[in-house]
Each structure stands twice: as C-alpha cells, then as structure tokens.
Amino acid sequence: MTRKILKIGILIPRSGPAGIWAPSCEASAILAASEINATGGLLGRDIELIVRDAGSTDRSAVEAAASAVSLDLVEAVVAMVPSSARQPIRHVVQGRIPFVYTPQFEGEEYHPGIITIGETAAELLNPAIEWLVQEKNASRFFLLGNDYIWPQRSMAEARRLISGSGGRVVGETEVPFGLEDQDFILSKIRQARPHVVMSWLLGHEAVVFNRAFAESGLASGILRFSTSIDETVLYGIGADHTENLYVSSGYFSGVRSRNNDAFLEKYHQYFGMCPAPPNAFGESLYEGVHCLGSLAKAAGSIHSQDLVSKMGRSSQTRTARGFDPEVATGNRHPIHIAAVDGFDFRIITD
C-alpha cells in the first residue's frame, strides 16, 4: 500500500555568494529524507522534498518561500539561507507551518516561529579567540565582513570576546557583496598591522578575499581565522592560498567519529565517490531534516507549536555532528578548531 506524501520545502540559494553550497545542501537533505522514508516515513507518510531556489537576495528568498507554501503546499520549510533572509521568510510562513533554519548564525534568535539548529557566533568564537590568544600569542585583531546582520553581530561578539581576553581590535571593515577589487581592504590591513584577520565573508566572497590576501604576500606574517570557510570554499580558495589559515566549526568532513563515519559512508553510497563535497553548510540540511522529523515524531504532529514544544525535549537519533550517537533535538555540539593544510582541515582541538 502506497503511503501518503508529506511535502517539505527546502530553500537553498543556487546563485549569489552562498550558491557555492547548493549542491551539497540538496544532497544532504535528500539523504536525510531517504533515511526517514526507509524507516517508515514521518507520521505514516513519505517525505517528498520540494527544493526551491532562494536566489541571491532576501526578496528572491521570500518569493521562493511564498511559492513553496502557496503553490507547492509544503507542510514545513527547512532553509539554508543568509541570516538577513530569516525574518522575511518567517513573515511568509507566519507560524502556520514549521520553519527550521539550519546554518550557523549570529545568535539571539528568540522568535517561537523559527527553529534554529546552527552554531551561534559566541559558540564558534569563544574557544577560537581563547586558542589564538594563548597558543598564537595574538593580541591585535582586524575584523572583516560583508555588510549585513550575520557579520555585523558576529563582529560585535568578537569585539566583546577580544576585549575580555586582553586583546584589541586594530581595524574593522564591512564590504558590500560583489567587491572584486581587494586593494582597499588589503591596504587597511597593512596599515593596521594585526596579528590576526578575522573574517565573516559569505561563500564566494571568502574565495575572492583569501586568494587576494595570499597573493599580496600578507599570509606569511598575518594569521587568518574564519568560522565560515569549509571544504567547498577551500576548494575555491586553492591549496596555494591557505598559509596560516584557521577555522572553527561544528562540522568538518575529516572529523573521525561514529556519527560522521556513518554519514559519510551513506553519503558516498547514495551519491557515488565524487559527490558535492560534504561540508558544514551542506550538512546542516541533513541535521535540519532529521531534526524536523524527530520533533514531529515526538509530537505526533507536524504543527509548528507542537514541534517547538518538543525542542530539546526529544531525541534526534541521526546526526553527523558530535560524538554522542543520540542527542536531544537542538542540542549543542562540540566546536572544532582546525588548521588548513592544502585542501584539508587538520583538527587541532575537539
């Protein structure tokens, strides 16, 4: 007997700076849905993913959400989009259906209509700044980010933590999307003479800056740190442009754990030996679909308020992150600090 269908809208940008993650996002969501369907579906129904292109702007993300809700009649939305699109999408959904927001974000999101599962700026920065100060003797920091909410609030958190560690911010710059000429930024960095450049540049923006930074000769004398460089971005930067580059994240594909080993094995079984590279932003969709499924099973319902009431009070039995085989929905995972070695991340701390 054929089971009924439960449609879940997946919002991912296929263009713009964040478009670099689209293939891995879609693959990770598909894998999660297939695992749920293979074990009986969700509330007796097979999940059907409706993937919508969120585009490169907040407006295009809103249009994608509106189409998924009104035309595709999805019963939940799982989105990996920039932070600036989160509230506009919430206004479209209006609490009528669950809205799971998957990537790392700036934190301080308290609206009950949004289920956030990604790492916050404070979670990613606290251990990293402590490590940079203690292990690398860093005290002078330059902050760089794109001009929107995620970098702005992350930079504010970084200023607070740097000050508390005894360091100081010697320069700070916000740049618009699409800036190809990096000379102005590089000049400001040279003048500031930082020990570390901390950056919050989105997707392709990070590729452009880091290539220019290394080609300028600055990489040998100044450390770089980011929370938003993953395997996909690293391939764009290139192995020859990664000297003194460090990253903190809740997920690296190179982390050896039962959870990640199982995820990678299934990922490659499903998509072959050369799929879109697993990475933190893509894998967040795997977490998002499984979190939604676990919440719905615990609630016995797909209604938004019922799911929110089970957040942190129900178990998520499948995750690629952390070391515990079963975690509470929305549970926090260990933060890893890694040094970039060519195309690989060498885990320094777990």
Are E231 and F343 packed together at the side-chain level, in the sense that at least one heavy-atom pair is separated by less than 4.5 angstrom? no
Is the backbone of S253 close enough, under 3.5 Å, to the side chain of N260 for a donor and an acceptor to pair up by distance? yes
Check for a donor-acceptor pair, side chain of E135 on one end and backbone N or O of N137 on the other, with a separation under 3.5 Å. no
Applying salt bridge (Lys or Arg N to Asp or Glu O under 4.0 Å) to R256 and D261, what does each step give before you reach the verdict? CA-CA 7 Å; R256 295 276 66 85; D261 290 349; 2.9 Å; yes
Within a radius of less than 6.0 Å around CZ of R59, do more than 12 heavy atoms belonging to other residues, nucleotides or ligands occur? no
Hey, is CD on Q305 packed in by over 12 heavy atoms from elsewhere, all under 6.0 Å? no
Could you walk me through whether W21 and M80 pass the side-chain contact (heavy atoms from CB on, under 4.5 Å) test, one step at a time? CA-CA 9 Å; W21 291 305; M80 202 301 291; 4.0 Å; yes
Close side-chain approach of H336 and V255, heavy atoms under 4.5 Å: yes
Taking all non-hydrogen atoms of both residues into account, name the closest pair between V78 and V289 and its distance. CG1-N, 4.3 Å
Side chains of R52 and D72, heavy atoms from C-beta outward: is any pair under 4.5 Å? yes
Start with the C-alpha gap between R153 and E157, add the side-chain angles, then the distance that decides, and say whether salt bridge (Lys or Arg N to Asp or Glu O under 4.0 Å) holds. CA-CA 6 Å; R153 292 192 180 175; E157 183 65 24; over 6 Å; no
Candidate pair T116 and F105, rule side-chain contact (heavy atoms from CB on, under 4.5 Å), full reasoning: CA-CA 9 Å; T116 58; F105 69 114; 3.6 Å; yes
Spell out, yes or no, whether F281 and L234 are grouped together once hydrophobic residues are joined by side-chain heavy atoms under 4.5 Å, including indirect joins. yes
Answer yes or no: is there a donor N or O on one side and an acceptor on the other, between the side chain of R193 and the main chain of I189, under 3.5 Å? no
N/O donor-acceptor pair under 3.5 Å between R45 side chain and I5 backbone: yes
Say whether E35 and H290, considering side chains only, have a donor N or O and an acceptor N or O under 3.5 Å apart. yes
Distance alone, cut at 3.5 Å: any donor-acceptor contact between the side chains of D147 and Q152? yes
Look at atom NE2 of H303 and say whether more than 12 heavy atoms of other residues, nucleotides or ligands are closer to it than 6.0 Å. no
Has the side chain of S187 got a donor or acceptor atom that lies under 3.5 Å from a matching backbone atom of D183? no
Could you tell me whether the side chain of V208 reaches within less than 4.5 Å of the side chain of E180, counting heavy atoms only? yes
Judged by atom type as modelled, is there a donor-acceptor pair below 3.5 Å linking the side chain of N279 to the main-chain atoms of G282? yes
Considering non-hydrogen atoms only, spot the tightest contact between D53 and G55 and give its length. OD1-N, 2.8 Å
Which pair of heavy atoms, one from P98 and one from L292, lies closest together, and at what distance? CB-CD1, 4.0 Å
Please determine whether residues L186 and F141 belong to a single hydrophobic cluster, defined as Ile, Leu, Val, Met, Phe, Trp and Tyr linked transitively by side-chain heavy-atom distances below 4.5 Å. no
Going by distance alone, is a donor N or O of one side chain under 3.5 Å from an acceptor N or O of the other, for E287 and Q316? yes
Should V69 and R96 be marked as a side-chain contact (heavy atoms from CB on, under 4.5 Å) after you check the CA-CA gap, both sets of side-chain angles, and the distance that decides it? CA-CA 10 Å; V69 172; R96 292 172 295 175; 3.9 Å; yes
Is a donor on one side and an acceptor on the other found under 3.5 Å between the side chain of S294 and the backbone of C291? no
Least distance between heavy atoms, A122 atom then P127 atom: O-CD, 4.4 Å
Does the gap between the ring centers of F225 and Y246 come in under 6.0 Å? no
Is any side-chain heavy atom of M155 closer than 4.5 Å to a side-chain heavy atom of E174? yes
Distance-only, no hydrogens or angles: does the Y101 side chain make a donor-acceptor pair with backbone N or O of S83 under 3.5 Å? yes
M198, I222: one ILVMFWY side-chain cluster at the under-4.5 Å cut-off? no
Indicate yes or no for a side-chain donor-acceptor contact from S249 to the backbone of Y251 under 3.5 Å, with no hydrogens or angles considered. yes
Apply side-chain contact (heavy atoms from CB on, under 4.5 Å) to I50 and I8, showing your working. CA-CA 6 Å; I50 306 297; I8 297 176; over 6 Å; no
Do the side-chain N and O atoms of E109 and Q87 include a donor-acceptor pair separated by under 3.5 angstrom? yes
Least distance between heavy atoms, P278 atom then L264 atom: CG-CD2, 3.7 Å
Identify the heavy atoms of S314 and A298 that sit nearest to each other, and give their distance. CB-CB, 3.4 Å
Within the 4.5 Å heavy-atom criterion, are R258 and F323 side-chain neighbours or not? no
Is there side-chain contact between I117 and H333, with heavy atoms separated by less than 4.5 Å? no
Will you find, in the side chains of R224 and N210, an N or O donor that is under 3.5 Å from an N or O acceptor? yes
Indicate whether any N or O donor in one side chain lies under 3.5 Å from an N or O acceptor in the other, for E106 and S154. no
Do I129 and I337 belong together in a cluster built from hydrophobic side chains that touch within less than 4.5 Å? yes
Under 4.5 Å between side-chain heavy atoms, counting indirect links through other Ile/Leu/Val/Met/Phe/Trp/Tyr residues: same cluster for V81 and I97 or not? yes
Counting N and O atoms only, with roles assigned by atom type, does the side chain of T319 sit under 3.5 Å from a partner on the main chain of R321, one being a donor and the other an acceptor? yes
In terms of the angle between their ring planes, are Y148 and F177 parallel, tilted or perpendicular, with boundaries placed at 30° and 60°? tilted
What class does the angle between the rings of F263 and Y267 fall in, given that below 30° is parallel, 30 to 60° is tilted and above 60° is perpendicular? tilted
Scan side-chain atoms only and decide if S228 and S226 contain a donor-acceptor pair under the 3.5 Å cut-off. yes
R159 and L143, any side-chain heavy atoms less than 4.5 Å apart: yes
Within a reach of under 6.0 Å around CD of E108, are more than 12 heavy atoms found that belong to other residues, nucleotides or ligands? no
